[in-house]
Amino acid sequence: MKSNSVQSKVPFISKLAYGMGDVGCNFSWMFVGNFLMIFYTDVFGISMGAVATLMLFSRFWDAINDPVIGGLSDKTHTRWGRYRPWLLVCAPLTAIVLVLTFWAHPDWSQTNKIIYMTITYCILVLGYTCVNIPYGTLCGAMTQNMDERAHINTSRSVSAMIAIGIINIVTIPLIDSLGNSNAQQGYLLVAVLYGIIFAACHIFCFAKTKEVVEVPIAKKIPLKIQIQAVIKNKPYLLALLGQVLFGFILYGRNADLLYYFTYVEGNAALFSFYSLAIIVPSIIGAGCFPWVFKQTSNKGWAASVFALGTGIAMIALYFFSPQSSPIPFYLFAALSQFFFSGFNTAIYAIIPDCVEYGEWLTGIRNDGFQYAFISLGNKIGMALGTSLLALSLGMAGYVSNEAQNDAVISIMRHAFSTLPGVLWVVTAFALFFYKLNKRNYNRIVRIIKHRNKKIISNN
C-alpha cells in the first residue's frame, strides 16, 4: 500500500464503486430488516414471541463475532490490502445464506421452524458481519482527507437511498409476480435475485477501490488495551451512541412499515406508493450533507441538524393518513426521508475521523476493531427495536393475516410515527456534543504523520 497525503483525492470510479458496495449491503440487509419479520410470521408461520427471542439472542452472537471479525480484518495483510479481500470472498457465500434464510417450510413443526430460523439467521448475521465491517472500515483506508471522506460517504448514502427506494418499491410486486401469488415461492426467488445483486456489487467494489493509507504494522495489542483506548475516545463514543439509537429507530420502524400499511391502512400496496414518494427526497437529502458539513465544519453537528428534522417530520405523520389526508401525509413522509438520508450520510462519515482521533490520543490505530463496535451498536439497536416491536405486538394479541384489535393497531401507528420521532430528537440532542471539527481534525492528522515519520526514521 502507498502512503498518501491529507490532501489526496479519490478517483470518481472508486467513489462510485464504494457507493455500489452499500447498494449490495441494502439488497441484503434492508431486505432482511424490512421484510424478514413479516416473512417469519405471515409466511413461515413462526410465532411473534419466537421471532422476538431470536432478535435478542442473535445480538449475543454479534457481541462475539463483530469484534472478532473487526480484529481479524485489521490483521489481514494481502497484496489487495486489509479489507477488500473480505468483500471478494465473503459476499458470494453470504448471498447463498440469504437465499436459505428465505426458504420457508410452513408445514414443519414449530420446533423445527424455530431451529431452522435460528441457524440460518445467525449464519446470515455472521456472513453480513464479514462483509460489512471490512466494507465500512475501507473508507478510512482510501484517504485521510476529511472532505474526500465526506464525498465518499455521500456517494455511499446516495447509492444506498436509491437501492432502498428500489427495494421498497419493487419487492412486493416482485414477490407477487415471481411467486404467481404464492408468497412462499415469491420470497425465495426475490432472495435469489437480491443475493446475486449483493455479491456482484461487492465484487465491483473490491475491483475498483484501493487502500492507500499506510498503516504501520503494529504489535499485537491485548483486547483490554484496545477497549481502554476506545473508552478514552469521546467522539467515537458519541458516534457509537448515535449508531445504537440509529439502529433502534431505523430497524424498529422499518420492521413496522409493512405491518402498518397492511393492517392499519388496510392495503399493503400503499407501501410501494409510500416508497415511491420518498425516493427522490432521500437522494436529495444525502446529496445535501457536504453542504451542511461545510456550513458547520462539524459532522456531528450536521448529523444533529438532520436528526432533529427527521424527528419533527415523523411526529407530524401521526396526524395524517395516506388515504384520508394524502397530501400532508406524503409531504411529511418526504421531509422525514430527506432529513433521514442526510443523517445516514453524516453518521457514517463520522466514524473514520474518530479512528485518527483515537490514534492521536492513545497511539493505537485499530480501524476494524472500532468499526466492529459501531456495527455491534447498530445491531444492538436493531435487536432492541425489532424485538420490542414483536413483543409488544405479541402481547397485544397480534394474529397473522387477520383483522387486528385496537391495541395492536395503536402500537403499529405509534411505531410508525411518534416513537421514532421522539427518539430522533433525543439523537439530535446527543450528537450536538460532538466536538471534532474540521480544523482540529486536520491538525491531528498532521501530528500523526509527523509522529509516524519519526518512528520510521528511528527504526
Side-chain angles (χ1 to χ4, degrees), residues 1-4 8 10-11 13-26 28-29 62 65-95 125-145 148-149 151-153 155-157 159-160 198-218 220-221 226 230 236 239 243 348-356 358-359 364-376 378-379:
M1 293 184 290
K2 299 178 181 178
S3 176
N4 77 323
S8 63
V10 177
I13 187 65
S14 295
K15 293 175 182 175
L16 175 65
Y18 190 77
M20 288 302 294
D22 216 27
V23 171
C25 287
N26 282 285
S28 63
W29 203 239
D62 281 328
N65 68 63
D66 277 30
V68 170
I69 299 303
L72 288 175
S73 65
D74 279 335
K75 296 172 184 175
T76 300
H77 295 283
T78 72
R79 63 190 179 95
W80 298 300
R82 296 184 175 206
Y83 309 112
R84 293 168 57 236
W86 290 78
L87 310 184
L88 179 65
V89 175
C90 297
L93 296 175
T94 304
V125 167
L126 175 60
Y128 184 75
T129 297
C130 290
V131 175
N132 189 247
I133 288 179
Y135 168 73
T137 313
L138 176 61
C139 175
M142 292 170 67
T143 181
Q144 286 181 305
N145 185 310
E148 284 294 284
R149 284 180 177 174
H151 292 143
I152 292 170
N153 277 283
S155 173
R156 172 183 182 173
S157 189
S159 301
F198 170 77
C201 286
H202 283 99
I203 291 172
F204 178 64
C205 181
F206 162 82
K208 296 299 181 180
T209 56
K210 291 184 179 180
E211 298 178 35
V212 300
V213 176
E214 184 175 355
V215 180
I217 298 176
K220 184 177 180 181
I221 305 171
Q226 295 198 65
V230 164
Y236 175 81
Q243 282 289 340
Y348 283 106
I350 286 173
I351 300 164
D353 302 340
C354 295
V355 173
E356 267 85 31
E359 184 180 2
I364 296 174
R365 185 183 182 102
N366 49 359
D367 307 51
F369 184 82
Q370 289 194 37
Y371 197 89
F373 278 96
I374 291 292
S375 174
L376 178 60
N378 186 273
K379 290 177 182 177

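All values reported here derive from a predicted model rather than from experimental measurement.
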Between S14 and T209, is there a donor-acceptor pair closer than 3.5 Å when you use the side chain of the first and the backbone of the second?
no
Look up atom CG in L138 and atom CD1 in I133, then write down how far apart they are to the nearest 0.5 Å.
13.5 Å
Working to the nearest 0.5 Å, report the span between OG of S155 and CD1 of I152.
8.5 Å
So, using side chain to side chain donor-acceptor pair (under 3.5 Å) as the criterion, who are the partners of K15 when residues are at least two apart?
E148
CG on N153 to CD1 on I350, rounded to 0.5 Å
10.0 Å
Compute the centroid of each ring, for H202 and then for F206, and state whether the two points are separated by less than 6.0 Å.
no
Would you please test V131 and F198 for side chain to side chain contact (heavy atoms under 4.5 Å, CB included) and show each step?
CA-CA 10 Å; V131 175; F198 170 77; 4.1 Å; yes
Before giving the answer on side chain to side chain contact (heavy atoms under 4.5 Å, CB included), spell out for E356 and Q144 the whole-Å C-alpha distance, their side-chain angles and the decisive distance to 0.1 Å.
CA-CA 9 Å; E356 267 85 31; Q144 286 181 305; 3.2 Å; yes
Exam field: side chain T76 to backbone L72, donor-acceptor pair closer than 3.5 Å
yes
Does any N or O in the side chain of N378 come within less than 3.5 Å of the main-chain N or O of I374, such that one atom is a donor and the other an acceptor?
no
Say whether, by atom type as modelled, one donor and one acceptor occur between the side chain of E211 and the main chain of Y83 under 3.5 angstrom.
yes
For C205 and A17, which heavy atoms make the closest approach, and how far apart are they?
CB-O, 3.4 Å
Of all the heavy-atom pairs spanning A349 and P352, show the shortest one and how long it is.
O-CD, 3.5 Å
Beyond-backbone contact of H151 with V10, side-chain heavy atoms, under 4.5 angstrom:
no
Say whether, by atom type as modelled, one donor and one acceptor occur between the side chain of R149 and the main chain of N145 under 3.5 angstrom.
no
Atom CE in M20, atom NZ in K208: separation rounded to 0.5 Å?
13.0 Å
A239 versus C354, closest heavy-atom pair with distance
CB-SG, 4.4 Å
Value rounded to 0.5 Å, distance of CG in L16 from OG in S159
6.5 Å
Residue pairs fulfilling side chain to side chain donor-acceptor pair (under 3.5 Å) with at least one residue in residues 132-141, sequence neighbours excluded
Y128-N132
Go through Y18 and I13 one step at a time and tell me if the side chain to side chain contact (heavy atoms under 4.5 Å, CB included) criterion holds.
CA-CA 9 Å; Y18 190 77; I13 187 65; over 6 Å; no
Out of curiosity, L87 CG to I203 CD1, how far, rounded to the nearest 0.5 Å?
9.5 Å
Just wondering, do S157 and D22 contact through their side chains at under 4.5 Å, heavy atoms?
no
